[in-house]
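So the structure is just underneath, and the comments pick up after that.
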Amino acid sequence: MDQSLSVSHPVQGQPPANSGKKRRHRWIWVIILLLFGLLFLWVYKQHRTSAAVPAGGGRRGAMAGQVPVTYATATKGSMGVYLDAIGTVTPVYNDTIAAQVTGVITAVHYREGQTVHKGDPLIDIDSRPYEAQLAQAQGMLDRDQNLLAEAQMDMKRYQDAWSRNAIPRQTLEDQEKLVLQDQGTVKNDQGTVQYDQVEVGFCHITSPIDGRVGLRQVDPGNLVTANSNTPLVDVAQIAPITVIFTLPEGDLPQVLRQTHGGKTLAVEVLNDNKTQMLAKGKLITIDNLIDTVTGTVKLRAEFDNRNDALFPNQFVNTRLLVNTVDDLTIVPSSAIQHNGAIDFVYLIQNPDSKNAKAVMTTIKSGISDQGNTAVTGLKPGDVVANSSFQKLVDGSPVVESKVTIPATSAETTEAAP
């Protein structure tokens with residue numbers, strides 16, 4: 001059966017049904033673009049308004065376009081040339097005391113961490129066996145001394161008899177040799193007595209130095225043996241105390257120039273983050289060899305350490321003063337900007353007037369110490385900018401900010417002059 005297909009045609013003069021939808025879509029996009037444009041204008045105006053407000057509380061009534069900055073004045077002064085290094089606090093003496101006789105500990109006289117003086121009692125070991133040996137040796141010495149005295153009296157009689165030709169020469173010589181034998185026996189006995197006296201002394205341990213004792217490692221009743229690897233007590237001298245640090249071999253000549261001239265070099269010790277000075281002392285010696293592996297040389301400085309600021313085996317930062325330079329122009333290190341190998345500052349012209357401006361000025365940086373740097377290219381009294389570097393260009397009008405504006409990471413990056 002034939003099927004006919006019916007096709008509907010739009011009526012002439014009537015627009016397609018989807019044309020109205022297309023127009024609505026166009027109007028929607030137009031509205032969206034207008035909204036984006038208005039939002040962009042609003043953000044731009046807000047940015048211009050915030051940029052016009054002086055950062056950090058600048059002076060009220062500042063002229064439009066002036067950059068608020070903090071001022072720093074170049075000064076004239078002296079600066080030290082320091083060599084920085086890492087050091088280790090080392091006692092002048094550190095005695096680890098071990099038992100030299102075998103016996104039972106009868107007394108411990110010190111407290112842990114106690115400060116002791118040379119000769120103070122520390123530990124007692126039972127000395128009775130060694131006192132008994134000493135008594136035996138003393139008895140043998142007394143006996144042999146009397147035998148020697150008897151032999152010497154006989155020799156004296158033989159000498160008188162020989163002078164009268166009453167005895168043969170051989171009898172006198174035999175007696176003389178017998179006296180010499182007895183003298184040797186007495187010497188041996190005297191050595192035995194002295195040895196036993198030393199062993200009795202080893203039973204009473206005293207401090208060999210002034211210092212501080214460590215933690216207790218033995219108790220009364222413990223048996224200790226002679227020449228054991230276990231120490232009885234440790235005593236470290238902490239006042240005075242020393243610091244050993246290393247310097248590159250390239251820095252050694254300038255140190256030797258000062259020491260060979262008879263000058264005593266000052267050494268400062270700072271804590272691990274270099275925020276606090278712990279002690280001041282002096283350089284006392286330089287090692288006699290350079291380490292060929294590291295290319296460094298060891299130096300030792302001494303400190304009185306009366307306040308116990310330095311502790312044995314503590315890691316510290318050291319600063320060795322090798323020279324002092326006078327008549328320098330000094331500015332804060334934070335005021336110096338860098339462009340590759342070129343250093344420059346923003347010199348403030350007419351700093352006390354309303355027409356102050358920042359002029360980019362090339363300088364040459366010298367030695368630095370504690371946040372200050374010696375420079376050439378400026379003179380004492382010059383005023384330089386010390387903040388807001390990201391907003392400054394050569395010739396920017398500026399106004400002094402009464403509130404310190406801290407430098408940001410953007411302000412310390414390199415800038416192009």
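As a basis for the values below, the full set of heavy atoms in this structure was taken, side chains included, without hydrogen atoms, waters or symmetry mates.
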side-chain hydrogen bond (donor to acceptor under 3.5 Å, both in side chains) for Ser368 and Thr373? Distances and angles first, verdict last. CA-CA 4 Å; Ser368 298; Thr373 301; 2.9 Å; yes
Determine whether Val269 and Val243 make a side-chain contact, defined as any pair of heavy atoms from C-beta on separated by less than 4.5 Å. yes
Of Val384, Asn339, Ile336, the residue whose pairing with Phe344 passes side-chain contact (heavy atoms from CB on, under 4.5 Å): Asn339
Ignoring hydrogens and geometry, is there a side-chain-to-backbone donor-acceptor pair from Thr259 to Arg257 under 3.5 Å? no
Partner set under side-chain hydrogen bond (donor to acceptor under 3.5 Å, both in side chains) for Thr115, not counting sequence neighbours: none
Between the main-chain N or O of Lys379 and the side-chain N or O of Asp382, is there a donor-acceptor pair closer than 3.5 Å? yes
Does Tyr71 form a side-chain contact (heavy atoms from CB on, under 4.5 Å) with Ile348? I'd like the steps, not just the answer. CA-CA 8 Å; Tyr71 289 174; Ile348 306 300; 3.8 Å; yes
To the nearest 0.5 Å, what is the distance between CE on Met79 and CG on Leu321? 11.0 Å
Pair Ser78-Asp326, side-chain donor/acceptor within less than 3.5 Å: yes
Mind checking whether Val398 and Tyr346 have side chains closer than 4.5 Å, heavy atoms only? no
Taking atom types as modelled and ignoring hydrogens, do the side chains of Ser353 and Asn355 form a donor-acceptor contact shorter than 3.5 angstrom? no
For Ala226, is there any backbone N or O sitting under 3.5 Å from a side-chain donor or acceptor partner on Thr102? yes
Between Pro380 and Thr75, which heavy-atom pair has the shortest distance, and what is it? CB-C, 4.3 Å
Verdict with reasoning, Gln217 to Val233, per side-chain contact (heavy atoms from CB on, under 4.5 Å): CA-CA 7 Å; Gln217 303 186 49; Val233 62; over 6 Å; no
When you measure from the side chain of Asn271 to the backbone N and O of Lys274, does any donor-acceptor pair fall under 3.5 Å? yes
Judged by atom type as modelled, is there a donor-acceptor pair below 3.5 Å linking the side chain of Thr318 to the main-chain atoms of Ala85? yes
So, do Ile290 and Leu252 sit near enough that their side-chain heavy atoms are less than 4.5 Å apart? yes
CD1 on Ile86 to CG on Leu247, rounded to 0.5 Å: 11.5 Å
With side chains defined as the heavy atoms from C-beta onward, is the minimum distance between Tyr158 and Glu176 less than 4.5 Å? no
Does the side chain of Thr106 come under 3.5 Å of the side chain of Asp126 through a donor N or O and an acceptor N or O? no
Write down the atom of Phe245, the atom of Gly87, and the distance for their closest heavy-atom approach. CB-CA, 3.8 Å
Asp369 side-chain N/O to Gly80 backbone N/O, donor-acceptor pair under 3.5 Å: no
Is any side-chain N of the basic residue among Arg212 and Asp308 closer than 4.0 Å to the acidic one's carboxylate O? yes
So how far is it from Lys364 NZ to Leu378 CG, rounded to the nearest 0.5 Å? 14.0 Å
Compare all side-chain heavy atoms of Ile342 with those of Thr362 and state whether any distance is below 4.5 angstrom. yes
From CA spacing to verdict: salt bridge (charged side-chain N to carboxylate O under 4.0 Å, His left out), Lys357, Asp394: CA-CA 9 Å; Lys357 64 178 180 178; Asp394 190 18; over 6 Å; no
Whether the side chain of Gln337 engages the backbone of Phe389 through a donor-acceptor N/O pair (distance < 3.5 Å, no angle test) should be reported. no
Any idea which heavy atoms bring Leu283 and Thr264 closest together, and the distance? O-CG2, 4.5 Å
Under the side-chain hydrogen bond (donor to acceptor under 3.5 Å, both in side chains) criterion, do Thr96 and Asp234 qualify, and how do the steps go? CA-CA 5 Å; Thr96 300; Asp234 184 88; 3.0 Å; yes
Check whether any side-chain heavy atom of Leu141 lies under 4.5 Å from a side-chain heavy atom of Gln190, and answer yes or no. yes
Where Val213 and Tyr110 come nearest, the two heavy atoms and their spacing: CG2-CD1, 3.7 Å
Which heavy atom of Asn305 sits nearest to which heavy atom of Ile238, and what is that distance? ND2-O, 2.8 Å
Kindly compute the distance separating CG (Leu310) from CZ (Phe303), expressed to the nearest 0.5 Å. 6.5 Å
Just by distance, do the side chain of Asn94 and the backbone of Pro91 share a donor-acceptor pair under 3.5 Å? no
Considering only heavy atoms from C-beta outward, does the side chain of Leu147 approach that of Thr185 to under 4.5 Å? no
Test log, rule side-chain contact (heavy atoms from CB on, under 4.5 Å), inputs Ile97 and Ile205: CA-CA 9 Å; Ile97 301 172; Ile205 300 173; 3.8 Å; yes
Ser228 side-chain N/O to Val224 backbone N/O, donor-acceptor pair under 3.5 Å: no
Over 12 non-hydrogen atoms of neighbours within 6.0 angstrom of CZ in Phe311: no
For Lys118, is there any backbone N or O sitting under 3.5 Å from a side-chain donor or acceptor partner on Asp210? yes
Inter-residue atom distance Thr329.OG1 - Ile363.CD1, 0.5 Å rounding: 10.5 Å
Is a side-chain donor-acceptor pair under 3.5 Å present for Arg300 with Thr242? yes
Closest approach of Ala356 to Asn350 (non-hydrogen atoms, all atoms of both residues): CB-O, 3.1 Å
Quick one: do Lys156 and Asp160 satisfy salt bridge (charged side-chain N to carboxylate O under 4.0 Å, His left out)? Show the steps, please. CA-CA 6 Å; Lys156 182 67 173 62; Asp160 293 340; 3.5 Å; yes
Nearest 0.5 Å, please: how far is CD in Glu302 from OG1 in Thr90? 12.5 Å
Which residues pass the side-chain hydrogen bond (donor to acceptor under 3.5 Å, both in side chains) test with Arg169, sequence neighbours left out? Glu173
Do Ile286 and Val255 come within less than 4.5 Å of each other through their side chains, counting heavy atoms only? yes
Between Val200 and Gln197, is the side-chain contact (heavy atoms from CB on, under 4.5 Å) condition met? List the steps. CA-CA 5 Å; Val200 171; Gln197 288 175 339; 5.7 Å; no
